[in-house]
Protein chains: 2
Amino acid sequence: MTTKHLRQFKDALKQDSLRMTSQRLAILDDVLGSEEHRECDDIYLSLRQKKVPVSRATIYRTLDILEKAGFVRKMDIGDGRFRYENKLAQTHHDHMICLKCGKIIEFMDREIERRQDQIASDNGFHLVKHSHQLYGLCGACQDLPAAEDQSAPASKA
Amino acid sequence: MTTKHLRQFKDALKQDSLRMTSQRLAILDDVLGSEEHRECDDIYLSLRQKKVPVSRATIYRTLDILEKAGFVRKMDIGDGRFRYENKLAQTHHDHMICLKCGKIIEFMDREIERRQDQIASDNGFHLVKHSHQLYGLCGACQDLPAAEDQSAPASKA
DNA sequence: ATATATATGAGAATGAGACTCAATAAGGAT
DNA sequence: ATCCTTATTGAGTCTCATTCTCATATATAT
Ligand SMILES: [Mn+2]
Ligand SMILES: [Mn+2]
Ligand SMILES: [Zn+2]
Ligand SMILES: [Zn+2]
């Protein structure tokens, strides 16, 4: 985590009369140190391993703050648990998810983005965000005859 | 509900050694009689009003059957409750949802659909389905100064 | 250092949806 | 029409991610 990001976080907190705490700092640091799509418990376990005393409630609360401040992106891949990803490390993209092994491939298509804006505009909507996921079977999982899963599959649409 | 749809349902049931019951028939009829995006409880209340004795468990179970048989589409608009829509009445489309009043506008863009296929293909994925929602403020809700909600807003991405 | 508002965490609450299992009902066979 | 096997139903229980409660702890302004 850079000094710039720290300053940015402190400013965001002050903006809302929120206080800097060791937990919030540790959560920000942990989140910025990963490029994965992690759920609350991934972050919780990572912090505990680092001997950071923190509760799930605080992680959820802090992730909300980080989302509002633009540090993380909260995403619903349809399996009932939210995933959070470092938003500073990457530009905007959407996700393609393997229904069998959970593998995630990121994609970005300027034309799709453009058309989303157009559709909103055509309908008088002020677009705030979008959620776009492609679900299927990755190359590896297509080959397996009728084999076992490796990870948490996404089951909902 | 047409005789054709009834036949289609009976066939689908027989295919899986499932039986026709008054509840299943009532649920199919109710679902085919609406073009809205309804959650389990909407259907539950609609059926109770018609004096159909049915439980939520049966509605969930039957909607799963109807989804597999292609009668309904199950969709996750990100607020924690699934919506179900009559799939026979419409061709494929995706949804734009007002974050304030819950209004849903349907859209379909051939180019977006085409590009989704291309992205999957480029990455060796066998595409099974996609989930694509645009979130924002509808025209009416943009005008309201800072007013009250009307319906259940979608809060998650 | 004090005052005061905010933050934390343990545990309880929430809520959609899935599951259990005893009682009920379909429907093929006769 | 009746039997018999197997599927279905529903009341209630359970799950599990996330949110809430509230007493205690801590950050920050002065
Ligand atoms: Mn990503
Ligand atoms: Mn629709
Ligand atoms: Zn896979
Ligand atoms: Zn609206």
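Numbered from 1 within each chain, the chains take letters A, B, ... in sequence-line order. Since this is a predicted model, take the numbers as computed values, not measurements.
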Under the salt bridge (charged side-chain N to carboxylate O under 4.0 Å, His left out) rule, what pairs show up with a residue in residues 105-117 of chain B, not counting sequence neighbours?
Asp109(A)-Arg115(B), Arg115(A)-Asp109(B), Glu111(B)-Arg114(B), Glu111(B)-Arg115(B)
Could you state the CG-P distance from Asp64(B) to dA18(C), rounded to the nearest angstrom?
6 Å
Across all chains, not counting sequence neighbours, the salt bridge (charged side-chain N to carboxylate O under 4.0 Å, His left out) partners of Lys10(B) are none
Gln15(B) CD to dA7(D) P, straight-line distance once rounded to whole Å
16 Å
When the distance from CD of Glu67(A) to P of dT19(D) is rounded to whole Å, what number comes out?
11 Å
Looking at DNA chain C, which of residues 24-58 of chain A put a heavy atom within less than 4.0 Å of it?
Arg24(A), Pro53(A), Val54(A), Ser55(A), Thr58(A)
Not counting sequence neighbours, which residues clear side-chain contact (heavy atoms from CB on, under 4.5 Å) with Asp122(A)? List them please.
Gln118(A)
Which whole-number value in Å describes the distance from Lys74(B) NZ to dA16(C) P?
14 Å
OP1, OP2 of dA25(C) versus side-chain N and O of Gln23(B): anything below 4.0 Å?
no
Quick one: is Tyr60(A) getting a side-chain N or O under 4.0 Å of the dT18(D) phosphate, OP1 or OP2?
yes
Side chain to side chain donor-acceptor pair (under 3.5 Å) partners of Asp16(A), counting only residues at least two apart:
none
When the axes are fitted on five pairs at both termini, how much does the helix from dA1(C)-dT30(D) to dT30(C)-dA1(D) curve, in 10° steps?
30°
Would you give a per-nucleotide map of nucleotides 24-30 of chain D, 5' to 3', where B means the base has a protein non-hydrogen atom under 4.0 Å away, S means only the sugar-phosphate does, and - means neither?
--BBS--
Just to verify, what does Lys68(B) make a side chain to side chain donor-acceptor pair (under 3.5 Å) with, not counting sequence neighbours?
none
Enumerate, atom names and distances included, each donor-acceptor pair closer than 3.5 Å involving a side-chain atom of residues 54-62 of chain B, sequence neighbours excluded.
from	atom 1	to	atom 2	distance (Å)
Ser55(B)	OG	Thr58(B)	N	3.3
Ser55(B)	OG	Thr58(B)	OG1	3.3
Arg56(B)	NE	Asp41(B)	OD1	2.6
Arg56(B)	NH2	Asp41(B)	OD1	3.4
Arg56(B)	NH2	Asp41(B)	OD2	3.2
Thr62(B)	OG1	Thr58(B)	O	2.8

Please determine whether residues Val52(A) and Met20(A) belong to a single hydrophobic cluster, defined as Ile, Leu, Val, Met, Phe, Trp and Tyr linked transitively by side-chain heavy-atom distances below 4.5 Å.
yes
Rounded to the nearest angstrom, tell me the gap between atom CG in Asp79(B) and atom C1' in dT14(C).
15 Å
Hydrophobic cluster membership, Ile97(B) vs Leu134(B), 4.5 Å side-chain cutoff:
no
Please verify the inter-ring angle class for His132(B) with His132(A); under 30° counts as parallel, over 60° as perpendicular, anything in between as tilted.
parallel
Which residue pairs satisfy the ring-ring contact (aromatic ring centres under 6.0 Å, His included) criterion with at least one member in residues 1-59 of chain A, sequence neighbours excluded?
Phe9(A)-Phe71(A), His37(A)-His95(A)
Partner residues of Ser46(A) under the side chain to side chain donor-acceptor pair (under 3.5 Å) criterion, sequence neighbours left out:
Asp30(A)
